[in-house]
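In what follows, a structure is listed as structure tokens, so that the remarks can point back to it.
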Amino acid sequence: KAQKELYFHNPMWPGEAHSLKVEKILFKEKSEYQEVLVFESSIYGKVLVLDGIVQLTEKDECAYQEMITHLPLCSIESPKNVLVVGGGDGGVLREIARHSSVELIDICEIDKMVIDVSKKFFPELAIGFEDPRVRLHVGDAVEFLRHAPEGKYDAIIVDSSDPVGPAQELVEKPFFETLARALRPGGVLCNMAESMWLHTHLIQDMISICHETFKGSVQYAWASVPTYPSGVIGFLLCSTEGPPVDFMHPINPIEKLEGALQHRRELRFYNSEMHKAAFCLPSFVKREVKAL
Ligand SMILES: NCCCCCc1nc2ccccc2[nH]1
């Protein structure tokens, strides 16, 4: 008998549960790193879940993929070399492809099952892997960054899952130091940075590490993602020492990018006004998350 609903309880959002009506379970297996689940929901399209945490749904993935990609890439003149850490669903790759200035897209995803599952069930995202500029590395990003040439990248996007499990190391200081080393002067980093309603301590810790590691600017932005418990997800943007980066004013606006809008698929969430608005923070965040 098909399950009627899936309930998502998780230590990442203690004391509350998020539930989605299920039409059909499409895939459920344990990879070397995590449990991978795909199901057809009644109102959000297909849903990808890793270790019980919703990573994306067809209906609202645009908010996350577009914001995590264009907030950094529209903040610098003409990004050429970009690295994606995680992002095995391919959505960030799809968004980077809108930037004609980009010449190389390295992606380091630890779990091959995520890539294969995305290609099978989420072709709208996995299309990102078809771009000829993409070089796929299946493995641990900690290792990958250790061997990355110094100052190689203009931008790095860390599209990770939560720091409980395979992505634990991706919020620790040593990793941020390798990210800073791999970026050119004035290069930019964008991390997934949890929920301002639920994780201000974790966000504060990440911001403290980034202020020590990145001598440029550090800014927190957020977007509405209805299928993430608490309904929001944050982004931490950092720039290395060098040409100053003003994240709040996109000097490389997506509306002016040749081909970005004519791209196979229209932008559904991001635009330059949403870019600026994303950095406007509630008073409690300004207070609790010092040094913003
Ligand atoms: N790599 C795709 C994004 C992963 C973030 C998933 C996520 N969304 C959340 C909302 C509230 C608490 C924890 C969360 N973790």
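Not one N or O on the side chain of Ser239 forms a donor-acceptor pair closer than 3.5 Å with the backbone of Gly216. A donor-acceptor pair is defined here as one N or O able to donate and one able to accept, closer than 3.5 Å; such a pair exists between the side chain of His199 and the backbone of Met12. Side chain of Asn81 to backbone of Lys152: a donor-acceptor contact under 3.5 angstrom is found. Using modelled atom types, one side-chain atom of Glu58 and one backbone atom of Lys46 make a donor-acceptor pair closer than 3.5 Å. Of the possible polar contacts, one joining the Trp13 side chain to the Phe8 backbone as a donor-acceptor pair under 3.5 Å is found. A distance-only check finds no donor-acceptor pair linking the side chain of Ser224 to the backbone of Val232 [under 3.5 Å]. Between the side chain of Arg94 and the backbone N or O of Asp131, no donor-acceptor pair lies under 3.5 Å. Listed for the Glu109 side chain is a donor-acceptor partner under 3.5 Å among the backbone atoms of Asp111. For Glu40 (side chain) and Glu23 (main-chain N/O), no donor-acceptor pair under 3.5 Å exists by modelled atom type. Asp159 places no side-chain N or O within 3.5 Å of a backbone atom of Gly86 that could act as its donor or acceptor partner.
Linking Ile, Leu, Val, Met, Phe, Trp and Tyr residues whenever their side-chain heavy atoms come within less than 4.5 Å places Phe175 and Leu83 in a single cluster. Note on Ile115: it does not cluster hydrophobically with Phe27, by side-chain heavy-atom contacts below 4.5 Å among ILVMFWY residues. Note on Met248: it clusters hydrophobically with Phe235, by side-chain heavy-atom contacts below 4.5 Å among ILVMFWY residues. The cluster map of Ile, Leu, Val, Met, Phe, Trp and Tyr, joined by side-chain heavy atoms under 4.5 Å apart, puts Leu56 and Val54 in different clusters. Both Ile207 and Leu170 are members of a single hydrophobic cluster when ILVMFWY side chains are connected at heavy-atom separations under 4.5 Å.
A side-chain donor-acceptor contact under 3.5 Å links Thr57 and Asp60. Under the 3.5 Å distance criterion, with hydrogens and angles disregarded, a donor-acceptor pair is assigned to the side chains of Ser272 and Glu255. With hydrogens and angles left out, the side-chain atoms of Ser101 and Ser78 include no donor and acceptor closer than 3.5 Å.
The CG atom of Leu71 sits 5.5 Å away from atom NE2 of His275, with the distance rounded to the nearest 0.5 Å. If you take CE on Met67 and CE on Met192, they are separated by 15.0 Å, rounding to the nearest 0.5 Å. Summarising the geometry, atom NZ belonging to Lys276 is positioned 6.5 Å from atom NE2 belonging to His249; distances are rounded to the nearest 0.5 Å. A distance of 10.5 Å separates CD1 of Ile43 from NZ of Lys21, quoted to the nearest 0.5 Å. Between atom CG of residue Asn10 and atom CD1 of residue Ile53 there is a gap of 4.0 Å, rounded to the nearest 0.5 Å. The distance from the CD atom of Gln219 to the SG atom of Cys210 is 11.5 Å, given to the nearest 0.5 Å.
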Quiz item: Step by step, would you call Tyr33 with Asp51 a side-chain hydrogen bond (donor to acceptor under 3.5 Å, both in side chains)?
Solution: CA-CA 9 Å; Tyr33 301 96; Asp51 278 348; over 6 Å; no

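Under the 6.0 Å distance and 45° angle rule, Lys119 counts as a cation-pi partner of Phe129.
Shown are Val82, Leu125, Thr69, Val84; of these, the side chain to side chain contact (heavy atoms under 4.5 Å, CB included) with Leu93 is made only by Val84.
Counting heavy atoms from C-beta outward, Tyr220 and Ile203 have side chains that approach closer than 4.5 Å. Within the 4.5 Å cutoff, side-chain heavy atoms of Cys74 are placed close to those of Tyr270. The side-chain heavy atoms of Val38 and Val117, taken from C-beta on, include a pair separated by under 4.5 Å. For the pair Val134/Leu104, no side-chain contact is recorded, criterion being any heavy-atom separation below 4.5 Å from C-beta on. Put simply, the side chain of Leu73 does not reach to within 4.5 Å of the side chain of Val188, judged on heavy atoms. For the pair Glu29 and Met113, the minimum side-chain heavy-atom distance is below 4.5 Å. With contacts defined as side-chain heavy-atom distances shorter than 4.5 Å, the pair Leu267/Glu95 qualifies. With contacts defined as side-chain heavy-atom distances shorter than 4.5 Å, the pair His137/Asp106 qualifies.
The existence of a salt bridge linking Lys80 and Asp154 is excluded, since no basic side-chain nitrogen approaches an acidic carboxylate oxygen closer than 4.0 Å. Using a cutoff of 4.0 Å between basic side-chain nitrogens and carboxylate oxygens, Lys173 and Glu212 are scored as salt-bridged. Salt bridge present: Glu61 and Arg265 bring a charged side-chain N and a carboxylate O closer than 4.0 Å. Ion pairing of Asp116 with Lys112 is present here, as a side-chain N (NZ or NE/NH1/NH2) and a carboxylate O approach within less than 4.0 Å. The pair Glu266-Arg268 meets the salt-bridge criterion, with a side-chain N (NZ, NE, NH1 or NH2) lying under 4.0 Å from an Asp/Glu carboxylate O.
Ring-plane geometry between Phe214 and Phe176 is classed as perpendicular, the angle between the planes exceeding 60 degrees on a 0 to 90 degree scale with a lower cut at 30. Between Tyr228 and Tyr64, the ring planes lie perpendicular to each other; the angle is over 60°, past the 30° to 60° tilted range.
Aromatic rings of His99 and His70 (six-membered ring for Trp) have centroids within the 6.0 Å cut-off, being under it.
Contact detail for Ile68 and Cys190: the closest heavy-atom pair is O-SG, 3.5 Å. Residue Gly45 comes nearest to Ser41 through the heavy atom pair O-OG, 2.6 Å, listed as atom of the first residue, atom of the second, then distance. Nearest heavy atom pair, residue Asp162 against residue Ala167, reads O-CB, 3.5 Å. Closest approach of Ala221 and Leu237 over heavy atoms only: CB-CD1, 4.2 Å. Taking each heavy atom of Ala148 and Ala182 in turn, the nearest pair found is CB-CB, 4.2 Å. Contact between Gly88 and Ser118 at its shortest, heavy atoms only, is O-CB, 4.2 Å.
Heavy atoms from other residues, nucleotides or ligands lying under 6.0 Å from NE2 of His9 number more than 12.
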